[in-house]
Every structure is written in structure tokens, then in C-alpha cells.
Amino acid sequence: MIAKPKGTYDILPNESPKWAKLEDTIRKICKLFNYKEIRTPIFESSEVFHRDQNDTSDMVTKETYDFKDRSDRGITLRPEGTAGVARAFVENKLYVENPVSKLFYMGPMFRYERPQKGRNRQFNQFGVEALGSDSPLIDVEVISLGATLIRALGLKDVTVKINSLGDEESRTAYKNVLIEHFSKYKNDLCSDCLNRLEKNPLRILDCKVDRDKDFFKSAPKINQYLNDYSKNRFKDVLEGLDLIGLKYVIDDNLVRGLDYYSHTVFELEVNVPEFGAQNVIGAGGRYDNLISDLGGPKTPGVGMAFGVERLLLATDLNGKKLAKPDEIHAYIIALGDKASKEALRLNNVLRIGGLSTDMDYLNGSLKSQFKKADKNNAKFTLILGDNELENGVINIKNNETDEQETIKLIDVYTYIITKINALGCSKK
Ligand code: HAM
């Protein structure tokens with residue numbers, strides 16, 4: 001037996017209805033907010049992710065799946081959606097069509113991380129990116145879209161954590177005081193943080209190893225170093241959130257693990273004990289240099305991404321059922337060769353008429369075929385033997401009421417449709 005690669009998993013048929021339901025909910029919400037779908041490749045040229053400007057993030061330095069293709073091109077499986085969307089935005093000159101592009105995407109991402117509950121090597125993200133506006137109000141819109149999804153899923157105990165990393169000038173001022181501060185503790189810093197001290201001291205604040213040390217807690221906070229423009233911009237974002245009644249917590253250690261952010265950064269955390277360490281279900285922020293770093297015109301952007309597995313896990317832990325198991329309208333039990341052929345014909349007629357139906361292809365006994373009808377959650381079970389066939393009739397059992405009747409074969413479709421309408425169910 002060949003096992004699946006570590007950090008991957010199969011979504012089996014009994015789980016796919018809840019994935020489909022979540023995807024459906026996401027699409028509806030994106031429509032409400034007028035975000036349009038974009039689908040970009042799962043692999044990109046390595047330079048899309050490995051840029052000079054972002055060589056301190058763990059995701060980029062340690063977690064990407066990089067390989068050479070047969071023509072020796074550097075290829076990377078996408079670890080996130082934002083950079084690929086930015087590449088597509090530049091390459092397809094989307095900025096010519098619309099001054100602001102509001103985009104969303106769903107699909108698999110790949111990171112070589114240590115797998116654990118809520119952390120996989122292949123995982124799915126739903127993300128949105130709004131490109132072209134630097135208004136603080138669009139930061140609010142993105143966060144509010146995330147909150148709307150959380151609400152639609154009925155998730156409780158979600159905290160929105162927010163911070164501002166300010167503009168370049170503010171970050172430079174802050175980086176200098178951080179270097180000064182952490183340089184005093186060089187001997188106590190973990191090896192990653194020593195490296196970050198040189199390259200991007202802000203990322204030290206994101207360190208899971210040094211987080212609880214005293215010199216970490218006494219580090220200067222970014223809000224003291226924001227210039228007036230950055231301070232006012234952050235204030236506008238918070239006022240916007242207040243205006244729409246969205247609660248948040250300011251977390252001045254929140255810097256996020258990716259290097260492209262400026263100004264607003266945020267994370268949505270579920271506070272369910274069973275969730276463990278991977279309790280950030282969605283996160284994002286503003287990035288004002290990514291598009292120009294990828295060769296496009298200077299274009300501001302803001303976005304966020306949810307981990308779809310984490311959203312589903314949180315929904316399960318909240319005891320919410322996203323979707324019922326799949327049902328079919330009818331299962332046809334056929335006894336004997338002739339009856340099986342008639343069942344094939346009848347299935348075809350019912351399916352063309354928009355009903356979901358199935359039959360047994362293993363010549364099973366009456367009992368085993370009844371079991372299959374049950375397993376498939378059939379609303380009606382139809383039973384056809386030689387006798388019925390000769391008389392042009394079929395037995396039909398309503399599995400919700402257990403009523404059984406014999407009806408004419410030519411009436412089957414009308415019969416089922418009439419009953420379904422009477423039950424208030426719609427055709428699938
Ligand atoms: P991120 O924080 O790296 O941000 O990932 C966003 C979300 O993806 C996380 O909050 C988490 O729910 C999920 N996630 C990340 N890694 C894994 C994993 N190994 N297994 C399962 N779920 C995972 C980004 O990716 C940015 N592109 C977000 C963004 C969009 N910023 C601006 N626009």
C-alpha cells in the first residue's frame with residue numbers, strides 16, 4: 001500500500017458536503033461584498049515568492065516546496081495566495097480595467113511545516129485581495145468580510161486582533177530602537193532571532209521561542225514610533241470598525257509572519273481550548289509595495305486569508321452542522337437481469353428529469369440492495385422484480401413515511417415529483 005505524503009489528507013465522500021457548503025457560503029459572501037473570483041496556478045516561478053524583499057519570513061526561507069522542472073526552471077508550489085494574485089494582477093494589467101480590483105480565491109497551498117492538528121503541508125485557503133485603494137475604509141471592509149463569514153458559520157468566541165506596522169518611515173525608526181534593545185540580549189536570543197536582528201528585527205516579535213523571556217516583554221512597542229500619518233491612518237481604521245460595530249483587540253506584538261505588510265495587520269483567533277496552538281483561523285493586512293516589487297505600477301493592496309481546514313474544525317468544535325449527508329431522490333432495487341435492464345432505463349429517465357438516482361451494479365440480494373438504498377439516504381426506494389415487470393408496475397416505498405404502493409412504471413417520474421413537492425423539497 002502506498003500511503004499519502006506526510007501532512008496531506010484525503011477529503012472522503014462523507015466529508016465533502018461540508019466543504020461544498022462552506023465554499024457555497026464563501027461565494028455568497030463574496031458576492032455580497034462584490035469580490036470577483038480569480039484562479040491562479042498552484043505553482044509559480046520561484047521569484048514570485050522568493051523576492052529580495054522578503055527573505056526573512058519563515059514561510060519563504062524554510063517552508064516552500066521548491067524544485068527545478070525538466071527545463072531547469074525554478075518552480076515553487078504556492079505557499080499562499082497573495083503573491084500569485086499580485087503576479088497575475090501585474091501580468092494581466094488588471095489595473096487598466098478597474099481602478100480597484102476586489103478579488104477572491106480558494107484552493108490548496110503548500111508549506112513544509114511540522115504537521116499537527118490544524119497544520120498541514122497541503123492545506124486550503126480562502127482569501128481576498130483588494131488592490132488599488134489605500135483608503136483605511138477598505139481595510140475595514142476586508143476585516144468585515146471575514147467577520148461576516150465567521151457569523152455565517154455561527155462561530156463563537158472569535159477575537160479580531162489588530163495592529164499597525166506604520167509606513168516605511170515609522171518602521172525604520174522602530175527597527176532602530178528594536179535593534180538597540182535586542183542587541184543587549186544577543187546571548188539570549190535564539191539563532192533565528194539573531195539572524196532576524198540583522199535582517200528584520202520586527203520579526204523577532206513574532207518568535208515563538210523567545211516570546212516569554214523578560215527582555216521580550218520589555219521591548220519597545222511600535223505604537224510609540226508611528227509617525228502622524230500612520231497614527232491617523234490606524235485611528236481611521238479603528239473608527240471604521242467601531243462604526244460597523246465590529247469588536248477588536250489592539251495587540252502591539254502582532255507583526256505577522258510575512259514581510260510584505262505595512263500599516264494594518266490583523267488576525268482572527270478562535271478561543272476554543274480543543275483548538276490548540278493553531279488557533280488563528282484567518283489573518284491579513286495591508287501591503288503597499290508587493291505589486292511594485294513584482295514589476296507592476298505602485299499599487300496599494302489589502303487582503304486576508306482563512307485556513308479552510310481550521311474554519312471547518314472550528315465549526316465542528318462549535319457543534320454546528322454545516323451540511324447534511326448527501327441524499328438521493330430514489331434508489332432502484334432490481335431483481336434479475338431483465339429488471340436490472342429496466343432499472344437502467346428508468347434511472348436514465350429520472351436523471352434526465354433532474355432527479356438524483358442510483359441502482360446496484362453488483363447483483364446483490366434484496367436485503368443488501370435495501371441496505372444500499374439506506375446508505376445512500378434515498379427518499380424513495382423502488383423495487384422491481386420479474387412479476388412487476390410483466391405487469392408494467394413497480395413497488396415504491398417512501399422512506400420518510402414508510403408507506404409503500406404499487407404504481408405503473410410510466411407514472412414513476414410524476415409520482416416522485418408530486419411527492420417531493422408535497423414534502424416541500426426542491427429538485428436537486
Ligand atoms: P498566513 O497567516 O500565512 O497569511 O495564512 C493565513 C491562514 O492560513 C492562517 O491564519 C491559517 O488559518 C491558514 N494556514 C496557514 N498555514 C497553514 C497550514 N500549514 N495548515 C493549515 N492552515 C494554515 C497568508 O497566507 C497571507 N497571504 C494572508 C493575506 C492575504 N495577507 C494579505 N492578503
Side-chain angles (χ1 to χ4, degrees), residues 5-9 11 22 35 38 40 44 48-49 54 57-65 77-89 101-131 138-139 141-143 145-146 149-150 153 155 158-163 165 203 206 208 254-270 272 275-291 299-315:
K6 189 170 173 189
T8 68
Y9 59 91
I11 302 166
L22 177 60
Y35 281 66
I38 183 163
T40 62
E44 294 272 359
V48 170
F49 306 106
N54 71 346
S57 98
D58 280 357
M59 187 195 78
V60 168
T61 51
K62 298 184 194 161
E63 295 167 4
T64 50
Y65 280 86
L77 297 186
R78 61 182 187 191
E80 55 121 26
T82 313
V85 168
R87 195 268 314 137
F89 175 84
S101 294
K102 304 208 296 182
L103 307 167
F104 82 90
Y105 51 88
M106 284 190 263
M109 308 291 160
F110 305 84
R111 295 186 193 179
Y112 194 81
E113 290 192 89
R114 199 168 46 77
Q116 60 185 81
K117 191 172 178 185
R119 192 163 71 191
N120 303 294
R121 290 186 173 168
Q122 175 173 332
F123 63 99
N124 286 269
Q125 278 188 347
F126 151 58
V128 299
E129 312 294 343
L131 304 169
I138 204 157
D139 301 17
E141 177 178 270
V142 166
I143 300 173
L145 187 153
L149 176 61
I150 301 274
L153 296 177
L155 294 181
V158 177
T159 309
V160 178
K161 289 189 170 172
I162 191 163
N163 194 18
L165 301 181
R203 292 287 325 287
D206 208 32
K208 309 270 181 297
L254 184 66
V255 289
R256 303 272 301 120
L258 299 158
D259 286 334
Y260 47 58
Y261 292 114
S262 52
H263 295 291
T264 314
V265 284
F266 57 91
E267 288 186 347
L268 278 69
E269 259 182 33
V270 261
V272 185
F275 223 89
Q278 311 307 321
N279 67 341
V280 180
I281 48 172
R286 173 158 286 281
Y287 46 91
D288 289 338
N289 297 320
L290 181 61
I291 304 289
T299 309
V302 60
M304 76 170 307
F306 280 99
V308 175
E309 289 78 1
R310 294 190 195 177
L311 278 176
L312 290 172
L313 190 62
T315 315

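Numbering starts at 1 and runs along the sequence shown. In listed order, ligands and their atoms are each counted from 1.
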Is a side-chain donor or acceptor of [X] paired with a backbone partner of [Y] at a separation under 3.5 angstrom?
X	Y	result
R87	E44	no
N124	V308	no
R310	V280	yes
R111	P79	yes

- Task: State whether a side-chain donor-acceptor pair under 3.5 Å links Q122 with Y65.
- Result: no
- Message: Hydrogens and angles aside, do Y260 and T82 bring a side-chain donor and acceptor to less than 3.5 Å of each other?
- Response: yes
- Under a 4.0 Å heavy-atom cut-off, what residues line ligand 1? E80, T82, R111, E113, G118, R119, N120, F123, Q125, E129, R256, L258, Y260, Y261, V280, I281, G282, A283, G284, G285, Y287, G303, M304, A305, G307, R310
